[in-house]
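Below is one structure, written out as structure tokens; the observations come after it.
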Amino acid sequence: CACCFSNKVQRIEHYHNSSWLEHGGSPEKATKLAFVYAIDAYLKNNNKYQKSESKVTWQDVEDCLILVSNNFSTQTSYENQTKKAITNTFIADAMNEFLKEQLEYYFAENPADVFFYEDVGRGTDLPGEVAVPGLDIRAAVRSKPLATDVIDLPKAIDVGGVERRTPRYRALRLTYPFAGGKLAVYGVHLVAEGHIRGPKPAKGEPSLSQRLRQRQFEALIADAKAFDHAILCGDFNAQKPSEYDVFAAAGFVPGNCSQRFGVRPTLRKIPADNIIVSPGIEIETFKVVKDIKLSTDHFPLVAKLKFKGEY
């Protein structure tokens, strides 16, 4: 499948076993579902919809899309004797999943990595907001950082000789001057459970997603150690408290799943979210806020931090 967008040309063609499907059928259905789903998700995650704007439709996408697809199968089910459309469900399902995944990668990897908005326009005294398109990472800031960077984390794992990737492999890092040194503040949204597909792990063994997540945690730790102080927060997507042990082993202090504050579920019964600090920072208070409604299925976290020593 190959596609691009154009404001001058529109053309969509589907082929099956190299024969043109004039009326599409399964491939056309998959294309509609995948493109509308992926573009709608991107617009929602990045707050691109205007207040009164309706959800994107296939007509919006189709008007500016150039796409050619070709699929092969020895088990073909044609809609009728004219053989101008196929009805194979497995082709529709496979193509839908493929397009959704590839579009998610595209939106994550190709837009400008960071947008800095001088005016959030939300009625607060914050001068701006930093966001990572496609990854649903946002940070409201009171003062402009010295540097705003997007860092790459491990994004793939080998599964039976096949590389399996996740689109969630980046972290936002804001660098501030502090007490003659540098403070790094990270916003993360890491690989979710089920993102990496493959054989089920043996009992007691980590899942494929957890294995990749641990590598992402280790990469974050290595990056954070280059700074005098570090604060890491966001959706780590940890499924159990022991996943955070790698931070404690490196001297970092998690607020969630810690001896002091215990295990605080933020997504159903899962401690997916956390605020983690480097040595030299103390978490004085830590809580999950459950009495406000946000456009997410996660509960937000609030922590009061204290820097140790004289500053």
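Only a predicted model underlies this, so the values are computations on that prediction, with no experimental measurement involved.
Transitive grouping of hydrophobic side chains (ILVMFWY, heavy atoms separated by less than 4.5 Å) brings Phe98 and Met95 into a common cluster. Tracing side-chain contacts under 4.5 Å through hydrophobic residues (I, L, V, M, F, W, Y), one reaches Ile276 starting from Ile221; they form part of the same cluster. Using a 4.5 Å cut-off between side-chain heavy atoms of Ile, Leu, Val, Met, Phe, Trp and Tyr, with links allowed through other members, Tyr78 and Trp20 fall into different hydrophobic clusters. One hydrophobic cluster, built from ILVMFWY side chains closer than 4.5 Å, holds both Leu305 and Phe178. Transitive grouping of hydrophobic side chains (ILVMFWY, heavy atoms separated by less than 4.5 Å) brings Phe227 and Leu153 into a common cluster.
A side-chain donor-acceptor contact under 3.5 Å links Asn17 to the backbone of Ser73. Judged purely by atom type and a 3.5 angstrom limit, Asn237 uses its side chain to pair as donor or acceptor with the backbone of Leu190. Arg215 places a side-chain N or O within donor-acceptor distance of the main-chain N or O of Ala156, the cut-off being under 3.5 Å. Proximity of a side-chain donor or acceptor of Tyr244 to a complementary backbone N or O of Ser258 within less than 3.5 Å is not detected. Counting only distance, with no hydrogens or angles, the side chain of Arg11 and the backbone of Leu65 share no donor-acceptor pair below 3.5 Å. Formation of a donor-acceptor pair under 3.5 Å by the Gln216 side chain with backbone atoms of Pro154 is found in this model. At least one donor-acceptor pair closer than 3.5 Å links the side chain of Asn274 to the backbone N or O of Gly255. Remark: side-chain polar atoms of Asn88 are not paired, donor with acceptor, to backbone N or O of Ile91 under 3.5 angstrom. At distances below 3.5 Å, not a single donor-acceptor pair connects side-chain atoms of Glu13 with backbone N or O atoms of Leu67. Looking at Ser69, its side chain never comes within 3.5 Å of a backbone N or O of His14 through a donor-acceptor pair.
In this structure, CD1 in Ile270 is found 8.5 Å from NE2 in His298, a value given to the nearest 0.5 Å. Between atom NZ of residue Lys306 and atom CD1 of residue Ile283 there is a gap of 14.0 Å, rounded to the nearest 0.5 Å. Taking CZ of Arg164 as the start and CG of Asp158 as the end, the distance is 10.0 Å to the nearest 0.5 Å. The line from CG of Asp152 to CG of Asp149 is 11.0 Å long, rounded to the nearest 0.5 Å. Remark: Gln239 CD to Ser207 OG distance equals 7.0 Å, nearest 0.5 Å. A distance of 10.0 Å separates CG in Leu21 from CD in Glu79, rounded to the nearest 0.5 Å.
The side-chain contact (heavy atoms from CB on, under 4.5 Å) test with Leu183 singles out one residue from Leu146, Leu174, Thr175, Ile231, and that residue is Ile231. The only option from Leu232, Val277, Leu220, Ile281 that meets the side-chain contact (heavy atoms from CB on, under 4.5 Å) definition with Phe252 turns out to be Leu232.
Side-chain contact between Pro254 and Phe261 is absent, with no heavy-atom pair separated by less than 4.5 Å. Glu205 has its side chain out of reach of Lys203: every pair of non-hydrogen atoms, C-beta onward, lies at least 4.5 Å apart. The closest side-chain heavy-atom distance from Lys155 to Arg170 is not below 4.5 Å. Contact check for Pro271 versus Thr266: no side-chain heavy atoms found under the 4.5 Å cut-off. Residues Leu172 and Val185 form no side-chain contact, since every pair of their non-hydrogen atoms from C-beta on lies 4.5 Å or further apart.
Salt bridge Arg213/Glu243: present, at least one basic N to carboxylate O contact under 4.0 Å. A salt bridge between Glu282 and Arg260 is present, with a side-chain N of the basic residue lying under 4.0 Å from a carboxylate O of the acidic one. Look at Asp228 and Lys182 and you find no salt bridge, because none of the NZ, NE, NH1 or NH2 atoms lies under 4.0 Å from a carboxylate O.
Atom CD of Glu284 is surrounded by more than 12 heavy atoms from other residues, nucleotides or ligands within 6.0 Å. Sparse packing is recorded around OH of Tyr37, with 12 or fewer heavy atoms of other residues, nucleotides or ligands lying under 6.0 Å away. Dense packing is recorded around NZ of Lys100, with more than 12 heavy atoms of other residues, nucleotides or ligands lying under 6.0 Å away.
The shortest non-hydrogen separation linking Ser209 to Val191 is O-CG1, 3.7 Å. Closest non-hydrogen pair, Ala250 versus Lys225, comes out as O-CE, 3.9 Å. Shown here for Val159 and Pro199, the closest heavy-atom pair between the two residues is CG1-CD, 3.6 Å. Closest of all the heavy-atom pairs between Ile275 and Leu301 is CD1-CB, 4.0 Å. Across all non-hydrogen atoms, the minimal contact from Leu99 to Ala30 is CD1-O, 4.4 Å. Between Phe90 and Gln75, the shortest heavy-atom contact is CZ-O, 3.8 Å.
The aromatic rings of Phe247 and Phe217 are tilted relative to each other, their planes meeting at an angle between 30° and 60°.
Because its NZ or CZ atom is both nearer than 6.0 Å to the ring centre of Phe299 and within 45° of the ring axis, Lys290 counts as a cation-pi partner of that residue.
A donor-acceptor contact closer than 3.5 angstrom is absent between the side chains of Thr87 and Ser26. If you check the side chains of Asn71 and Tyr15, you find no donor sitting under 3.5 Å from an acceptor.
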Checklist entry - Going through the distances and angles, do Asp273 and Asn256 end up as a side chain to side chain contact (heavy atoms under 4.5 Å, CB included)? => result CA-CA 8 Å; Asp273 305 87; Asn256 204 352; 5.6 Å; no
Next on the checklist: Run the side chain to side chain contact (heavy atoms under 4.5 Å, CB included) test on Arg173 and Val150 for me, step by step, so that the C-alpha distance in whole Å, both residues' side-chain angles and the decisive distance to 0.1 Å come before the verdict.
Outcome noted: CA-CA 6 Å; Arg173 184 184 67 205; Val150 174; over 6 Å; no
Checklist entry - Stepwise, does the side chain to side chain contact (heavy atoms under 4.5 Å, CB included) test hold for Ile196 with Thr166? => result CA-CA 7 Å; Ile196 307 299; Thr166 175; 4.3 Å; yes
Next on the checklist: Determine whether Ile151 and Tyr186 satisfy the following criterion, side chain to side chain contact (heavy atoms under 4.5 Å, CB included), listing intermediate values before the conclusion.
Outcome noted: CA-CA 10 Å; Ile151 62 171; Tyr186 296 80; 3.8 Å; yes
